[in-house]
Protein chains: 2
Amino acid sequence: MAHAPIRLDQFETYLKDHGLSRTKPRRVLYRALASAGPQTAPQLITTLGSEMDRATVYRTLDFFLVNAIAVRTTDGHVELGESFRPHHHHLVCTICGRSQAVDDQILEGALTEAAKRQGFMLQTHQVELAGLCSKCQTLSKSVIQ
Amino acid sequence: MAHAPIRLDQFETYLKDHGLSRTKPRRVLYRALASAGPQTAPQLITTLGSEMDRATVYRTLDFFLVNAIAVRTTDGHVELGESFRPHHHHLVCTICGRSQAVDDQILEGALTEAAKRQGFMLQTHQVELAGLCSKCQTLSKSVIQ
DNA sequence: ATCTATGCAAAGTCTTTGCAGTCCA
DNA sequence: TGGACTGCAAAGACTTTGCATAGAT
């Protein structure tokens, strides 16, 4: 999964502007989410175990969620909020749980048009897609046949 | 939370048509989800603990998810899938709060195509749109100018 | 009759919590 | 310095797994 450059200074500014403490664990977790995308707590613990305690991962995750620095996705992963990454939606595989980002201008346009057909001027939207990824499509076929 | 009548026969038919076993625990879990709406595994275990084993709750939940009988929501709850409750999206006006249903085949097609572009076969989706309804667009213009 | 699903019980993970020490503003 | 944050360690909650039995087609 490709990601935009890590805007660590944007994060620091955000904390400062909101009167929140800037600590090492918060920076570490922010970098992890910015560079590796949506992850679960256990995944982050595995990756960051040497840099911060498990309890701190959970507490910092809660802190991020409460302060809108991150959001939870349909499949239980956590990712940076809208302010810290480009706008996109999710596509989750219902079998293997793999999740990938959708950044699709055609889809964005379709949403705007659909709203317009009903007389609305679209301001915001949330979209969650779920289905079978290419790998699981193949696997389920071979099982069924 | 108000819910549509429990279509247990629809569920039975679905299982039969897909060559899946119809068992008591599956019926119990289905009724629980149909009558009480989205719930977490622990909640279901508390409620149904006397009727089925914890392990069975988890296994049946997985079974429901894999077979698209249920889906997972953003906050980690599980609810019945599209086939077992009316499909609809919402369009909410951010000023007057008026909400209307969206039943737009073009939009549905656009979602399917967007998933396909990433190699996914779309099974379910959730869409929430928000913006200004025609009336409030007019009103806000007259206020601004 | 065969194959699948369930219950039981135990093991394995994940998450939360209390407290003492450390770091930030 | 004072208050907030972190690490450590233990407790608690959640989820998964193996195996024998019961149930479904």
Side-chain angles (χ1 to χ4, degrees), chain A residues 8-9 11-33 38-67 69-78 94-97 99 140 143-145, chain B residues 8-9 11-33 38-78:
Chain A
L8 190 54
D9 49 329
F11 173 63
E12 302 272 344
T13 303
Y14 184 90
L15 292 178
K16 189 171 186 180
D17 291 351
H18 290 74
L20 304 167
S21 299
R22 284 164 285 166
T23 69
K24 186 193 163 207
R26 291 178 184 177
R27 275 187 282 269
V28 170
L29 191 59
Y30 179 84
R31 301 186 86 105
L33 290 173
Q39 292 166 79
T40 62
Q43 288 175 332
L44 289 163
I45 289 168
T46 301
T47 308
L48 308 175
S50 59
E51 301 184 75
M52 59 195 291
D53 189 76
R54 277 174 305 183
T56 304
V57 171
Y58 285 108
R59 287 190 281 228
T60 306
L61 236 26
D62 285 345
F63 171 84
F64 278 18
L65 293 171
V66 167
N67 291 285
I69 292 165
V71 296
R72 207 176 279 284
T73 66
T74 311
D75 56 344
H77 291 222
V78 174
T94 52
I95 291 185
C96 69
S99 168
S140 67
V143 168
I144 292 170
Q145 293 168 357
Chain B
L8 190 54
D9 50 328
F11 174 62
E12 301 272 343
T13 303
Y14 183 90
L15 292 178
K16 190 171 185 179
D17 291 351
H18 290 74
L20 304 167
S21 300
R22 284 165 286 165
T23 69
K24 185 195 164 207
R26 288 177 187 179
R27 276 187 282 269
V28 170
L29 191 59
Y30 179 83
R31 300 186 88 102
L33 290 172
Q39 293 165 80
T40 62
Q43 287 174 333
L44 289 163
I45 288 167
T46 301
T47 307
L48 307 175
S50 59
E51 300 185 75
M52 59 194 292
D53 190 76
R54 277 174 306 185
T56 305
V57 171
Y58 285 109
R59 287 190 280 227
T60 306
L61 237 26
D62 286 346
F63 171 83
F64 278 18
L65 294 171
V66 167
N67 290 285
I69 292 166
V71 297
R72 207 176 280 283
T73 66
T74 312
D75 55 347
H77 291 222
V78 174

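Lettering follows sequence order; numbering is per chain, from 1. Since the model is a prediction, treat every value here as computed from it, not as a measurement.
B:L29 and B:V57 make their closest contact through CD2-O, 4.3 Å (heavy atoms, listed as atom of the first residue, atom of the second, distance). Annotation for B:L65 and B:A70: closest pair CD2-O, 3.4 Å, computed over non-hydrogen atoms.
When rounded to the nearest whole Å, the span between NZ of A:K16 and P of C:dC24 equals 15 Å. When rounded to the nearest whole Å, the span between CG of A:L44 and P of C:dC14 equals 12 Å. In this structure, A:H18 atom NE2 and D:dA4 atom P are separated by 19 Å, rounded to whole Å. Rounded to an integer number of Å, the gap from CD of A:Q43 to P of C:dT13 is 15 Å.
With the nearest nucleotide of DNA chain D identified for both B:R22 and B:I45, B:I45 has the one nearer the 5' end.
In this structure, the side chain of B:R22 does not engage the main chain of B:L15 through any donor-acceptor pair within 3.5 Å.
Taking the six-membered ring where tryptophan is involved, the planes of A:F11 and A:F64 are perpendicular, since the angle between them exceeds 60° and thus also 30°.
For the OP1/OP2 pair of D:dT16 and a distance below 4.0 Å, the side-chain nitrogens and oxygens of B:Y58 include no atom meeting the criterion.
A distance of 4.5 Å separates CZ of A:F63 from CD1 of A:I69, quoted to the nearest 0.5 Å.
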Between protein and nucleic acid, restricted to nucleotides 4-11 of chain C and to nitrogen or oxygen atoms under 3.5 Å apart, what atom pairs and distances do you find?
from: C:dA5; atom 1: OP1; to: B:R26; atom 2: NH2; distance (Å): 3.2
from: C:dT6; atom 1: OP1; to: B:T23; atom 2: OG1; distance (Å): 2.9
from: C:dG7; atom 1: OP2; to: B:D53; atom 2: N; distance (Å): 3.3
from: C:dG7; atom 1: OP2; to: B:T56; atom 2: OG1; distance (Å): 2.6
from: C:dG7; atom 1: N7; to: B:R59; atom 2: NH2; distance (Å): 2.9
from: C:dG7; atom 1: O6; to: B:R59; atom 2: NH2; distance (Å): 3.2

Could you list the donor-acceptor pairs under 3.5 angstrom formed by side chains in residues 44-54 of chain A, with sequence neighbours left out?
from: A:T46; atom 1: OG1; to: A:P42; atom 2: O; distance (Å): 2.9
from: A:T47; atom 1: OG1; to: A:Q43; atom 2: O; distance (Å): 2.9
from: A:D53; atom 1: OD2; to: A:A55; atom 2: N; distance (Å): 2.9

